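Okay, so here's the structure we're looking at.
Just so you know, these numbers come straight off a predicted model, no measurement behind them.
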Amino acid sequence: VTAVKKAAGWWDVLFLESRPSISLSLFRMAVAATVGLHVLPTFLEMGDNYLSTAFREYNPSFFPVPFLEWTAGNPDWAVWAMAGVFTASLFFFFIGFLTPLSGAVLYAGSYYFYARNSLHIGTLSWDMFLAVFFLVFWCPYLGDSFSVDSLLRGDPEPWLKKRPFFIQRLLQMVLASFYFYTALWKCWPGGNWLGDHPFYYLMHYPDAGVMKQFPGRSILAASPELCDWVEGIVLVSEFTAPLWLFWRRTRVFAVAAGFLFHALLVLTMHVPTIFFFLFPPMLLLFIDPEDAVAWIERRREAWAKAWGRHRLIFDGSCGFCRASLARLRALDPAGRLEAVDFRATDASLLHPALTPEACLARIHLLERDGRLSGGFDAFRRLSLLLPMLWPLAPLMNVPGLGKLFSRENKRKITSRLYLFVRPKILATENFEDLKAASSKKKEDVEQLTRKSNIKEEIQERLNPRAEVIEEDLDRAGEGNNK
């Protein structure tokens, strides 16, 4: 019984314990970048790669033959349509919009184009990518942070959200097994790394083949013994990689060595992009997510001490303001903003223009240098101050856009839209109750308008003499009775 409890405890720690999911969100973007850099360039030559005019090769060892026959028989317009769907899903998956759905569509598109033609891309790397992507595309955890999904949910600090750790643990195990079985394949059963000198032969390949021209290649080509030492170091490193990666004391050094290894692969060999854009992010998955969150918090504190924070003045009793603030905090992992509720703090001490009336009217941004902006102009400034909003900055700062969203223009647009929509709604069947409610609302608005006009007239005619004030009030009362 004790052994079973210990085993269950270890199982919970290794797979089921809830931990921050920030690493998976970052890995989502790395997967999208890998797919894009791997596949999108092939769309530039559709006629040579995928259309009916292309010389195509198929991989029946990976795909069912009926599926290969179906993809081979698709017309060119269907291939073009699939390319469009693939590109859209790639963009949505990268920004984290409808993450599980866009990930599933992206995986289906990757599967489709690899089945359509396996000649133009590295088969081994593509197989490995699909095996990795299968573990993550359906997982909702990937959209927890740095995503449109987190903005739609209104999570203020999504990188702190905790999820079961099993997905990240499975990805760690996949990468460790890749290294181990790659070394095993080089030795047995068909590998020749023990009985031959493959690395030495690679040094004599032409530059257009597997190897690139790099400094030191001529030295390796002239020394079979040195090549044997390189082969031995590579084999030992790959065989023992799981140990170094999972052992906490050596994990940091193993991750650094893995980065160096893949950088050398890209610099010395003609390898597919997956080796550089997918495997290094998988190495980062071995870093504890708590350490990643702690690093973000340290950066936020360091930024505040070095540069200070911009202040965002909002109405704490306004639900829309609180929701907007939560989304802005999700876009600010660096901690550049400080939220100030004007109801809990005297905002006029920060800037004389921040009166209670002004703060009630709209949200304000007070920058470190004292610059004050409100409403839409505040969001325009935020698009320049928050790195995650930089892609929107060109659109937000289009000349004339501020005038379009001004308060005066907003009232005009709302009034015209109401006049356009209201008659159509009231003419619809079963809307008599809405018509009555609308008429009552119209009367209430007119009554409030009359009261407002009377108050404005009184305020304009006020003067220091009490008797004159009393005469104006009597005159205003008589006018109201009339």
Side-chain angles (χ1 to χ4, degrees), residues 30 33-34 37-38 41 57 59 61-62 114 118-132 171-247 250-286:
T34 302
L37 293 170
H38 211 60
E57 191 169 287
N59 186 1
S61 63
F62 190 85
Y114 181 31
S118 63
L119 176 65
H120 64 283
I121 47 181
T123 302
L124 177 62
S125 64
W126 198 238
D127 293 351
M128 289 188 292
F129 162 72
L130 289 176
V132 172
L171 290 171
Q172 293 174 349
M173 295 172 65
V174 167
L175 181 62
S177 63
F178 275 161
Y179 288 131
F180 179 82
Y181 284 107
T182 299
L184 187 63
W185 177 83
K186 291 174 181 177
C187 301
W188 178 84
N192 60 348
W193 277 55
L194 293 181
D196 210 336
H197 306 280
F199 195 76
Y200 174 75
Y201 297 144
L202 286 175
M203 295 300 105
H204 293 82
Y205 270 47
D207 294 343
V210 178
M211 302 300 299
K212 297 178 181 178
Q213 191 60 247
F214 58 89
R217 179 176 174 178
S218 58
I219 298 176
L220 291 171
S223 176
E225 295 81 7
L226 185 58
C227 291
D228 289 343
W229 272 102
V230 173
E231 292 173 4
I233 293 174
V234 171
L235 283 177
V236 171
S237 300
E238 290 179 337
F239 269 125
T240 59
L243 173 63
W244 310 130
L245 287 171
F246 282 107
W247 191 13
T250 58
R251 184 175 298 166
V252 175
F253 303 103
V255 170
F259 267 88
L260 177 63
F261 174 71
H262 288 287
L264 290 175
L265 281 180
V266 174
L267 293 174
T268 60
M269 302 178 67
H270 297 285
V271 295
T273 54
I274 187 173
F275 286 100
F276 190 71
F277 289 97
L278 186 63
F279 282 1
M282 290 184 73
L283 284 169
L284 291 178
L285 292 175
F286 282 89

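Minimum heavy-atom separation, Glu231 to Asp196: OE1-O, 4.0 Å. Residues Val255 and Leu283 come closest through the heavy atom pair CG2-O, 3.7 Å. The shortest heavy-atom contact between Lys212 and Leu267 is CD-O, 3.5 Å. In plain terms, the two heavy atoms of Lys186 and Val234 that are nearest each other are NZ-CG1, 3.7 Å. Scanning both residues, Asn59 and Ser61, for their nearest heavy atoms gives OD1-OG, 2.5 Å. Shortest non-hydrogen contact noted between Tyr200 and Leu220 is CD1-O, 4.0 Å.
Summarising the geometry, atom CE belonging to Met211 is positioned 10.5 Å from atom OH belonging to Tyr205; distances are rounded to the nearest 0.5 Å. Atoms CZ and CG, from Phe199 and Leu226 in turn, are 8.5 Å apart once rounded to the nearest 0.5 Å. Between the CZ atom in Phe239 and the OH atom in Tyr181 there is a gap of 10.5 Å [rounded to 0.5 Å]. Rounding to the nearest 0.5 Å places CZ of Phe279 at 6.5 Å from OH of Tyr179. Atom CE of Met173 sits about 13.0 Å away from atom CG of Leu245, to the nearest 0.5 Å. With rounding to the nearest 0.5 angstrom, the CZ atom of Phe286 is 5.5 Å from the CG atom of Leu175.
Two residues are said to be in side-chain contact when any heavy atoms from C-beta on lie closer than 4.5 Å; His197 and Cys227 fail this criterion.
More than 12 heavy atoms of other residues, nucleotides or ligands shown are found within 6.0 angstrom of CZ on Phe246.
For the pair His204 (side chain) and Ala221 (backbone), a donor-acceptor distance under 3.5 Å is present. With hydrogens and angles ignored, the 3.5 Å screen pairs no side-chain donor or acceptor of Ser223 with any backbone N or O of Ile219.
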* To do: Give the intermediate values and the outcome of side chain to side chain contact (heavy atoms under 4.5 Å, CB included) for residues Leu278 and His38.
  => CA-CA 11 Å; Leu278 186 63; His38 211 60; over 6 Å; no

* Asked: Given Leu194 and Leu235, is the side chain to side chain contact (heavy atoms under 4.5 Å, CB included) satisfied, shown in steps?
  -> CA-CA 10 Å; Leu194 293 181; Leu235 283 177; 4.2 Å; yes

